There are 2 protein chains.
Amino acid sequence: MPYTYAYPRPALTVDCIVFGLENAGDLKVLLIQRKNQPFAGRWALPGGFVDVGEAPEQAARRELEEETGLKNVFLEQLRTFGEPGRDPREHVVSVAHDALVNVADARVRAADDARQAAWFPVGRPPPLAFDHAKILRVAHNRLQERLRRRPVGRELLPRKFTLSQLQHVYEAILGKEIDKRNFRRRVLRTGLLVATDQTQKQVPHRAARLYRFDARTYRRLAQQGFHFEV
Amino acid sequence: MPYTYAYPRPALTVDCIVFGLENAGDLKVLLIQRKNQPFAGRWALPGGFVDVGEAPEQAARRELEEETGLKNVFLEQLRTFGEPGRDPREHVVSVAHDALVNVADARVRAADDARQAAWFPVGRPPPLAFDHAKILRVAHNRLQERLRRRPVGRELLPRKFTLSQLQHVYEAILGKEIDKRNFRRRVLRTGLLVATDQTQKQVPHRAARLYRFDARTYRRLAQQGFHFEV
DNA sequence: TCAAAAGTGTTCCTGGTACACCCATGC
DNA sequence: GCATGGGTGTACCAGGAACACTTTTGA
């Protein structure tokens, strides 16, 4: 069923950069292996065409679920890539979105246009289709900047967590080590955390105190931004 | 000459938020009065459809010149607005771009789809077409954030300028007054400025020393970002 | 001589940085 | 009793905030 317009239109797509963290280890990105041309067999960011009547953010969520099974992910708009030539078939403008998830919670399975779906280290991805290597670099930069301006962690950590777990999140995203004492002092000063009276159980070392996010403060700082230098 | 596709496509447009500064006075935004439906007679952001084979940024530059006569403006991508319903005709996805220019240098004339083109105070714009009031708010917020992360002023000031002129730029964008002594100390510390041996002429008060930007430092900090708190 | 903006220093305090040792727990 | 991560304090220094008076110039 063909659709006809008075003037030609670029195609509109979305791409998803899903960053993944594990309890330990470095930052990962979720990729799919393409089933179809162009770039059949190549790894790529999950994504696809925006339907008429669908907000780009919705389209990103839908495509992510269709191709990788991931859902209920907090996707944020990154930026739009629209140079002609980024897709060999025709002019395709893509609105990139990114998200941060816990790898352990995310049961990923390939489907739809994806032959496989898998996590790769952000720093050493396989050869990617289209301009996705560039998009990935931009997304990683922006993620590191966001870490300085917004609270991070609610999507990544269990409801109650230790300060070391939170510190690992920051270390994985920034790719560097942080001084434990300074990190604790600063993060407690923000008011984002509430100490619970519980501690870890069954750990082969001194049990750490568990904290949770203060929901109101988290929302407020997520919205209006703050400055958290590490 | 109609164009036909296998699946329907949202329309793709660009919008331009051009912020303007004068020597004194508050921050302005450049608007056009629409000639055509929908919203004929309403004020709106300059913008229009993206051609196939044209990068959105190019389209923004082209539309801005067609409708307002402004050219050689440094436009940066802001974000993409694509909720269905933002345009009453059909689903239109718009990539918003913003720029910062000197009102005195910018000879603006309406043309093309614009009945008039004029500057309005950012804080008190007239009723706007589409969701342009929201886009304007987002753009203003992002401009204020950008002021803390990138050097600003090269597009706004003459090649040689006084520290007070630069301070007025910051005050207009932030909409608040800044302490003169603290501002001077901080801005000189960045290394962005080079003192010349010239001073103002013909001013009815003590003549101020003129400074210029250090091109290398400006480029470097524009690219990699820095933190400039005022 | 007046009006107008230029130019200049200091105090106080917050918060960044660097750094080393003892503590609790499970095995 | 040992391996493992948890937890804590201090000294030093950079830079943010608040604040008032003298200087230069043209009219």
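Each chain gets a letter, A, B and so on, in the order its sequence line appears, and its residues count up from 1. Here the structure is a predicted model, which is why all the values come from computation and not from measurement.
Between C:dA6, D:dA17, D:dG9, one nucleotide has an atom nearer to the side chain of A:R181 than all others, and that is D:dG9. Side-chain proximity of A:R185 to the nucleotides D:dG6, D:dG7, C:dA18 is greatest for C:dA18. Relative to the side chain of B:R206, the nucleotides C:dG7, C:dA18, D:dT4 differ in distance, and C:dG7 lies closest. Distances from the side chain of B:K180 to the nucleotides C:dG7, C:dA24, C:dA18 place C:dG7 closest.
Here D:dG15 presents its C1' atom at 11 Å from NE2 of B:H227, a figure rounded to the nearest Å. When rounded to the nearest whole Å, the span between CZ of A:R184 and P of D:dG5 equals 13 Å. A:F183 places its CZ atom 15 Å from the C1' atom of D:dG6, with the value rounded to the nearest Å. To the nearest angstrom, C1' of D:dG7 lies 12 Å from CG of A:L188. Following rounding to the nearest Å, B:Q167 (CD) and C:dA5 (P) show an atom-to-atom distance of 13 Å. Atom P of nucleotide C:dT25 and atom CZ of A:R209 are separated by 13 Å, given to the nearest angstrom. D:dG7 atom P lies 13 Å from atom CG of A:L166, rounded to whole Å. Between A:K201 atom NZ and C:dT25 atom C1' there is a gap of 12 Å when expressed in whole angstrom units.
Comparing B:T162 and B:N182 by the nucleotide of DNA chain C whose heavy atom lies nearest to each, the residue mapping closer to the 5' end is B:T162. Judged by closest nucleotide on DNA chain D, B:D179 is the one of B:D179 and B:P204 placed further toward the 5' end.
Residues B:R34 and B:D113 form no side-chain contact, since every pair of their non-hydrogen atoms from C-beta on lies 4.5 Å or further apart.
Remark: B:S164 is not in phosphate contact with C:dA5, judged by side-chain N or O atoms under 4.0 Å from OP1 or OP2. Dashed line: the shortest gap from a side-chain N or O of A:R186 to OP1 or OP2 of C:dT17 is under 4.0 Å.
For A:Q167 and A:K180, the side-chain atoms include no donor-acceptor pair closer than 3.5 Å.
Between A:F161 and A:Y211, the distance from one ring center to the other does not fall under 6.0 angstrom.
The main-chain N or O of A:V95 is found under 3.5 Å from a side-chain atom of A:H97 such that the two form a donor-acceptor pair.
As judged by a 4.0 angstrom heavy-atom cut-off over every strand, B:R189 is placed among residues touching the sugar-phosphate backbone only.
For the pair A:R79 and A:F81, the cation-pi criterion (under 6.0 Å, within 45° of the ring axis) is fulfilled.
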